[in-house]
Amino acid sequence: MLRFIKGAAGTGKSTFIRREIAKLCAEDGANVILLVPEQFSFETEREYYEFLGAERAGRVKVLSFMRLCDDVFRQYGGMAGDYATDTAKILTMRLSLKECGDELRLYGKNAGKPDFVLSMLETVEELKNAGITPDMLTTEALRSEEGLLKDKLFDLGLIYGGYDAMLTQRFLDPSDTLNRAKAFIVEHHYFAGCTLYLDEFKSFTAVQKEILRTAFLQAHEVTVSLCLPEGEQEYGLFDGLKETEKGLKSLAFRVGCRLLPTVVLEKSMRFSSEALCHFAGEALKSNPLPFKGKNESVTCVGLLNEFDEVEYAAAQIWELVQKNSYRFEDIVVIGRDLDSYGHILEAAFDRYQIPYFFDRTESVDSMLLMRLVTHLLGCVVTNMSRKELLPMLKCGLLPITLTEIDDFERYLYVWNVDRDGFSREFTQNPMGFCDRPLKKKEQLRLKNAEKVRVLCADCVGSLRRVAEEEQSVSRALYEILQQLNVPQVILERISRFKEEQRLEEAENEKRVWDVLMEILDTLEGSLQGQAPNFREYKELFLLSAATYDLGHRPQTLDSVLVGSAERVRVQDKKAAILIGANDKVFPFVPSSGGLF
């Protein structure tokens, strides 16, 4: 049986489900599963633990689709094997493109470009989520008429098939996890007799729908909540949710699953203010109705630019804290384009002395260690170009001082030294042409510049030599880092950060070292037996590093939460400040992308 719970945001759909589950869990032998999106699983599980208590909370499984797969594998097997990392996927796709290059009709000229590797990985991910196999693409290509679409389908089928075959020889693909779990669910009747609830979902992929199809056949009852106001006719705003409802009903009809009467919730339970409730219901409509009562909860302000917005937000936060006795943790700042607001927000909040937590991720390729390795590889590729050499020196991880780097850089620009010039000893006056002996200060500067030159030349020369001897760029990089004493420098930085109570920075330093070792290890295994190619290795290293992110955690409990509309959770907040609420930003207007 299938039942829908429908209602606008804040009408109590999750609360309705929670109360039903509480009644079911009051009995021994309850078989209840609650499926929520991955980003909601931890928060939802904590809520049920607090609401039901330890004993009854153990009778309900709060799962996301991926945690559902994990539960299935733990019960019936399927956990053995190594899952492919993002780096392994990139290398496999690069190899697949290289193997298929001569046979590609449309994408042959793009096969060697680094960005195309990532585009193809995204496309393959979408195809797998949609349940499309390489054979389906090839078959459709054979049926199609001659033209652009036929060539595109043929190339995608060829690349996708080669990539999948190569990857599954050594790894398990995380993208196939749902498909593998589905087979166990069907065979062992995982959902047999259970009561299944789905909450907070907006849509489902083709593979997820196949799992739900099995649930419709096996489960005692399936309940799906949708944030869809009953009778809503507003064009575009709820079209996606309407399609989701229509698709699930069609799926239930095809498998003979009976539809139960829909539960419609209309009364708002989230807002204590009538003005706020009215705003939430009307704000995104094309022709919103004005609020006729007294408004003390909603303020709309038009400002000239981002700087004025941030200044206003900071001032409002202090007013709420000082006049209304709010805590900083009661306030959330929400934006869509936080890349353009990030530095402005940080500067304003620091100036106003507002504690805040910026919920965002940072790519590891911006960290000092990764920049050091990137520019070291760049020095080998460009034969010690100044554009690669100077950034490498300024990473702060090499055994040289800032004064020595400064003297070295001055010498380069005075005598225009570049590339082959680094192979010769520095003997000229650091101040330029002078018809006199060097002064003591100039001798010291020349000595410093020569010391840095020797260090750079030795690094690049040793990297080339060891790579040739070991037939491995990864091993050569590791040995050079050891020779430069970089691991010890990293340990010293971690210890200093811990002493200064900069714990997050200390953790990030360790995390970046672990990521670097993981990338080197994966590249070593995938490129084994191939002659060292520094240019290709650098491209693969950069692609791999870009797939790793560093998260941040709050440094104090009482802090304003700043986050993007896609990531932030606003439960238990008393005040929300929305910045950058411009046309086509709220609501967001998606744009097409990818190879199609």
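- Side-chain atoms of D418 come within 3.5 Å of backbone atoms of R386 as a donor-acceptor pair (strictly under, hydrogens ignored).
- Between the side chain of T168 and the backbone N or O of A165, at least one donor-acceptor pair lies under 3.5 Å.
- Under the ring pair (Phe, Tyr, Trp, His ring centres under 6.0 Å) criterion, F433 pairs with W415, not counting sequence neighbours.
- Listed by chain and residue number, nothing satisfies the salt bridge (Lys or Arg N to Asp or Glu O under 4.0 Å) test with E499 (two or more places apart in sequence, or in another chain).
- When all heavy atoms are compared, the tightest approach of D420 to S423 is O-OG, 2.6 Å.
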Exercise for the section: Quick one: do L156 and Y160 satisfy side chain to side chain contact (heavy atoms under 4.5 Å, CB included)? Show the steps, please. Expected result: CA-CA 6 Å; L156 288 176; Y160 181 7; 5.6 Å; no
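- The salt bridge (charged side-chain N to carboxylate O under 4.0 Å, His left out) with E388 is formed by just one residue from the set R371, K538, R419; it is K538.
- Between L540 and L527, some side-chain heavy-atom pair lies under the 4.5 Å cut-off.
- In this structure, the separation between CD on Q39 and OG1 on T44 is 9.5 Å, given to the nearest 0.5 Å.
- Summarising the geometry, atom CZ belonging to R511 is positioned 13.0 Å from atom CG belonging to L369; distances are rounded to the nearest 0.5 Å.
- Considering all non-hydrogen atoms of both residues, V473 and L377 come closest at CG1-CD2, 4.0 Å.
- Contact check for L477 versus Y537: side-chain heavy atoms found under the 4.5 Å cut-off.
- Between L398 and L484 there is a side-chain heavy-atom pair separated by less than 4.5 Å.
- Of the charged side-chain nitrogens involved, at least one lies within less than 4.0 Å of a carboxylate oxygen, so that K89 and D173 count as a salt-bridged pair.
- Side chains of F408 and K451 form no contact here, defined as non-hydrogen atoms less than 4.5 Å apart.
- Between F116 and A111 the shortest heavy-atom distance is CD2-CA, 4.0 Å.
- Counting non-hydrogen atoms of other residues, nucleotides and ligands closer than 6.0 Å to OH of Y83 gives a total above 12.
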Practice task
Under the side chain to side chain contact (heavy atoms under 4.5 Å, CB included) rule, what do E518 and T85 come out as? Steps first, then yes or no, please.
Solution key: CA-CA 9 Å; E518 183 176 317; T85 63; 3.7 Å; yes
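- Remark: the backbone N or O of D407 is not paired with any side-chain donor or acceptor of R445 at under 3.5 angstrom.
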Handout entry: Test log, rule side chain to side chain contact (heavy atoms under 4.5 Å, CB included), inputs E479 and E470
Key = CA-CA 11 Å; E479 288 192 24; E470 299 283 348; 3.7 Å; yes
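- Remark: R493 pairs with E509 by the salt bridge (Lys or Arg N to Asp or Glu O under 4.0 Å) rule, at least two apart or across chains.
- For R475, the CZ atom sits in a loose shell: 12 or fewer heavy atoms of surrounding residues, nucleotides or ligands are nearer than 6.0 Å.
- In plain terms, the two heavy atoms of M370 and A545 that are nearest each other are CE-CB, 3.8 Å.
- A distance-only check finds no donor-acceptor pair linking the side chain of R94 to the backbone of V117 [under 3.5 Å].
- A side-chain donor-acceptor contact under 3.5 Å links E309 to the backbone of G580.
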Practice task
Using the side chain to side chain contact (heavy atoms under 4.5 Å, CB included) rule, take R465 and S462 through it: C-alpha gap first, then chi angles, then the decisive distance, then the call.
Solution key: CA-CA 5 Å; R465 176 178 51 77; S462 297; 3.7 Å; yes
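- Qualifying ring pair (Phe, Tyr, Trp, His ring centres under 6.0 Å) partners for Y163, counting only residues two or more places apart in sequence or in other chains: none.
- No more than 12 heavy atoms of other residues, nucleotides or ligands shown are found within 6.0 angstrom of CG on D102.
- Between the CG atom in L178 and the CE atom in M66 there is a gap of 5.5 Å [rounded to 0.5 Å].
- Between atom CZ of residue F65 and atom CG of residue D70 there is a gap of 15.0 Å, rounded to the nearest 0.5 Å.
- Under the side chain to side chain contact (heavy atoms under 4.5 Å, CB included) rule, E409 has a single partner from V452, L390, L389, which is L390.
- Within a 6.0 Å radius of CD in Q353, other residues, nucleotides and ligands contribute 12 heavy atoms or fewer.
- Side-chain atoms of E311 and Y352 form a donor-acceptor pair, as typed in the model, at a separation below 3.5 Å.
- Legend: residues meeting salt bridge (Lys or Arg N to Asp or Glu O under 4.0 Å) with D549, ordered by chain and number and at least two apart, are absent.
- Here the side chains of E346 and Y356 are in contact, with some heavy-atom distance below 4.5 Å.
- Looking only at side-chain heavy atoms (C-beta outward), D176 and K128 come within less than 4.5 Å of each other.
- Side-chain contact between P399 and N485 is absent, with no heavy atoms from C-beta onward closer than 4.5 Å.
- Looking at every heavy atom in both residues, T177 comes nearest to C69 through CG2-CB, 3.6 Å.
- Note on R170 versus D82: no salt bridge recorded, every NZ/NE/NH1/NH2 to OD/OE distance being 4.0 Å or above.
- In this structure a side-chain-to-backbone donor-acceptor pair under 3.5 Å is present from Y411 to Q428.
- Going from atom OG of S96 over to atom CG of L91 covers 12.5 Å, rounded to the nearest 0.5 Å.
- Applying the 6.0 Å contact sphere to CE of M166 captures more than 12 heavy atoms from other residues, nucleotides or ligands.
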Exercise for the section: Assess whether salt bridge (charged side-chain N to carboxylate O under 4.0 Å, His left out) is satisfied between R46 and E43, documenting all intermediate values. Expected result: CA-CA 5 Å; R46 187 183 69 177; E43 192 83 21; 2.7 Å; yes
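- Put simply, the side chain of D558 gets close to the backbone of F328: a donor and an acceptor are under 3.5 Å apart.
- Every residue two or more places apart in sequence or in another chain was checked for a side chain to side chain donor-acceptor pair (under 3.5 Å) with D330, and none qualifies.
- For the pair P430 and L438, the tightest heavy-atom approach, listed with the atom from each and the gap, is CD-CD2, 4.4 Å.
- Side chain of S175 to main chain of E125: no donor-acceptor pair is present (N/O by atom type, distance under 3.5 Å, no hydrogens or angles).
- Distance check, rounded to the nearest 0.5 Å: CG of L481 to CG of L372 gives 6.5 Å.
- Between L376 and C459 there is a side-chain heavy-atom pair separated by less than 4.5 Å.
- With hydrogens and angles disregarded, a donor-acceptor distance shorter than 3.5 Å links the side chain of Q471 to the backbone of E468.
- In this structure a side-chain-to-backbone donor-acceptor pair under 3.5 Å is missing from D308 to L303.
- For an aromatic pair to be called close, the ring centres must be under 6.0 Å apart, and W318 with Y326 fails this.
- Residue R496 qualifies as enclosed at atom CZ: its count of foreign heavy atoms under 6.0 Å is above 12.
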